[in-house]
Amino acid sequence: MRLSNYFVPTLKETPNDAVVTSHILMLRSGMIRMIAAGIYSILPLGYRVIRKISEIIREEMNAIGGQEFHLPALNPKELWEETNRVQAFGDTLFHIKNREYVLAPTHEEIMTYHARNVLKSYKDMPQIWYQIQTKFRNEPRPRSGVIRGRQFLMKDSYTFDTTWENLDISYNLHDKAYRKIFDRCGLNYFVVGASSGAMGGTGSEEFMVKSDAGEDTVAYCNSCGYAANVEVAVSNLQAGKRDDSSKNIYEIHTPGVKSIDELCEFLKIDETACAKSRIYINDSRPVLILMLGNEEVNESKLEKLLGGSVRPGHPDELKEISGADAGSIGPVGFNGRIIADNRLKNLNNLFSGANKNDYHIGGIDLMRDVPQIEYADLRIVQSGEECVKCNSKLEVFSAIELGHIFKLGTKYSESMRAFFLDEKGEEHPIIMGSYGIGVERVMACFIEQHHDEKGIIWDKTLAPFKVHLVGLNMKNADVINTCESIYNELNENNIDVLFDDREAQAGFKFNDADLLGMPIQVIVGEKKLKSGMIELKIRKTGERTDVPLNELKKAIEKEIG
RNA sequence: CGGGGUGUAGCGCAGCCCGGUUAGCGCGCUUCGUUCGGGACGAAGAGGUCGAGAGUUCAAAUCUCUCCACCCCGACCA
């Protein structure tokens with residue numbers, strides 16, 4: 001491809017709207033353009049990458065017996081009503097105005113529709129069906145460029161099995177295929193597995209990439225691979241130690257003291273001697289939550305523990321329930337359910353609110369003074385705490401979800417009546433799995449992980465072109481002729497080459513080449529040409545070598561194998 | 001949906017507070033010439049409903065109101 005006539009609108013300056021690195025670089029390198037919030041056109045250069053990623057996915061899916069479908073994005077609403085997901089998706093589902101159709105945000109319904117009409121016997125299974133297509137979700141807030149869009153490419157596959165054991169087989173095939181796909185794409189990823197309870201159920205794994213642009217927060221152990229969403233993550237942090245003797249309870253006048261920090265400052269005590277109180281309303285009943293020191297309540301864990309609806313109490317409710325405003329609430333004399341974080345278990349000589357404004361209580365012994373107390377893990381794991389599996393240090397960071405494999409079970413087959421007959425002629429719902437990969441996210445994550453201040457650094461697998469051929473002075477006949485012959489030779493040998501044949505300054509071309517980031521740059525300049533040499537630059541290392549023209553092809557093939 | 005911010009040429013921005021000729025600057029674009037190994041130089045040009053609408057005023061990019069779009073934080077996220 002000749003750059004002089006190729007639609008690659010590169011940008012020297014960073015567009016105002018882009019914040020995330022991958023988004024900035026995709027815009028600057030002319031791979032994408034935004035049409036509206038969360039809606040992007042993928043331009044020719046970007047689409048070459050998308051196609052490479054898709055092809056890797058396709059190969060690995062086919063290798064485990066997957067069959068590729070092309071499904072409608074426009075779906076009859078009635079199909080979605082069968083599974084009650086019109087309601088479940090709510091505003092996230094796009095509705096068509098002039099026809100009873102919806103735009104598919106995923107394809108369980110369509111796939112199950114096909115399955116129920118045909119997969120009638122145990123002999124028809126297993127099946128692995130997949131598609132690589134555009135999905136539509138009316139995200140309340142699209143963000144981070146292509147990472148969270150209202151329209152995006154997704155590889156989705158669905159498996160149909162006769163038993164849970166067979167579902168395990170299909171699931172494990174996907175687990176292996178996904179690892180191969182992300183390995184081949186050159187991504188540094190990790191897996192948040194069901195063993196850490198990420199989804200609160202059995203049989204789900206999320207494939208994640210560490211990134212500040214990520215929307216999930218995970219705790220990760222570098223030495224044993226323990227990984228869990230902070231919503232459920234646990235660490236080895238132990239409960240505090242109980243003093244040998246308990247003091248008696250005493251009231252302290254603490255005018256204006258509202259926070260744990262202020263209390264510690266006022267009483268000259270350590271925050272580990274404090275129990276922080278938060279009141280939550282659980283299905284209209286108040287629950288007092290006690291945390292050690294200044295730790296925040298992990299509301300996800302709390303919701304899971306309590307069930308039903310859970311919300312923090314409003315300021316006026318707090319007064320009514322406890323008799324005090326936030327800052328002076330405590331467990332002693334609190335009339336209602338009290339749950340403390342495990343770190344507070346059986347502690348004594350604690351300070352907490354007195355349920356009377358501007359007063360706190362000291363000398364609290366939870367065993368003696370709060371007999372109805374319950375304990376639970378309600379913490380948010382912090383970086384540096386010990387891993388529960390191997391005692392190494394955990395790291396907490398943001399991550400992007402690249403893929404998700406999930407044992408669906410019979411949810412859709414039952415609601416859509418997809419049943420089969422087993423060997424005994426008995427009817428059962430088909431047992432399903434579903435497995436997704438965000439295709440643009442693979443591209444974005446790769447760029448997040450492979451760039452420098454100049455631009456993208458592709459490796460040969462995903463690079464839109466293997467070689468970026470730069471002719472330095474396109475008015476010099478020798479340079480032109482040499483470039484043309486190199487360009488033709490590479491094309492004839494099926495080595496994808498992008499030829500910068502524009503009449504422009506050397507620096508201009510070098511910077512564009514570094515921005516676009518092809519693995520190899522072949523630079524043809526007058527001076528070196530006089531001694532018969534061509535320059536070869538490796539984008540990743542910046543290393544430059546001079547190669548005689550007749551050895552160029554060999555040198556390139558050596559680099560890109 | 002709540003909070004914050006932005007909207008002026010293809011891109012990046014100034015001008016707005018304190019209303020007043022023909023709305024500027026850098027990059028990019030066109031033409032000509034010079035230059036040609038890290039975003040060159042000179043000359044001449046093209047390109048604007050100042051996000052939209054309404055209002056105040058002799059006069060609005062500038063003040064007021066309404067709406068829209070986009071970004072960030074939060075809520076949400078099969």
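Order of the sequence lines fixes the chain letters, A, B, ..., with proteins taken first and strands second; residue numbering starts at 1 for each chain.
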From the list B:G26, B:C71, B:G38, which nucleotide is the closest neighbour of the side chain of A:F510? B:G38
For A:P140, report the nucleic acid contact type (base, sugar-phosphate, nothing); a contact means any heavy atom under 4.0 Å. base
Classify A:D17 by what it touches in the nucleic acid, base, sugar-phosphate, or nothing, heavy-atom distance under 4.0 Å. sugar-phosphate
Pairwise P distance for B:U22 and B:A59, with rounding to whole Å: 15 Å
Check if the side chain of A:E535 and the base of B:G37 share a donor-acceptor pair of N or O atoms closer than 3.5 Å. yes
B:U57 and B:G3, which share atom name P, separated by this distance in whole Å: 32 Å
If you measure from the P atom in B:C29 to the same atom in B:U6, how many Å do you get, rounded? 31 Å
Please examine the side chains of A:V8 and A:L43, heavy atoms only from C-beta on, and report whether any two atoms are closer than 4.5 Å. no
Establish, with yes or no, whether the OP1 or OP2 oxygen of B:A40 is under 4.0 angstrom from a side-chain nitrogen or oxygen of A:Q505. yes
Rounded to the Å, how far apart are A:N138 CG and B:C77 P? 14 Å
What is the nucleic acid contact for A:D514, judged by heavy atoms within less than 4.0 Å: base, sugar-phosphate only, or nothing? base
I want to check one thing: is the phosphate of B:C73, taken as OP1 and OP2, less than 4.0 Å away from some side-chain N or O of A:R141? yes
Carboxylate-amine/guanidinium proximity below 4.0 Å for A:K276 and A:E296: yes
Ring-plane angle category for A:Y6 and A:F465, please: parallel below 30°, perpendicular beyond 60°, tilted otherwise. perpendicular
For A:D212, does the CG atom sit with more than 12 other heavy atoms under 6.0 Å from it, leaving out its own atoms? no
Heavy atoms only, 4.0 Å cut-off, all strands: where does A:T14 land among base, sugar-phosphate and nothing? sugar-phosphate
If only side-chain N and O atoms of A:N16 are considered, is one of them under 4.0 Å from the OP1 or OP2 phosphate oxygen of B:U6? no
Does A:T83 reach a base, just sugar-phosphate, or nothing at all? Heavy atoms under 4.0 Å. nothing
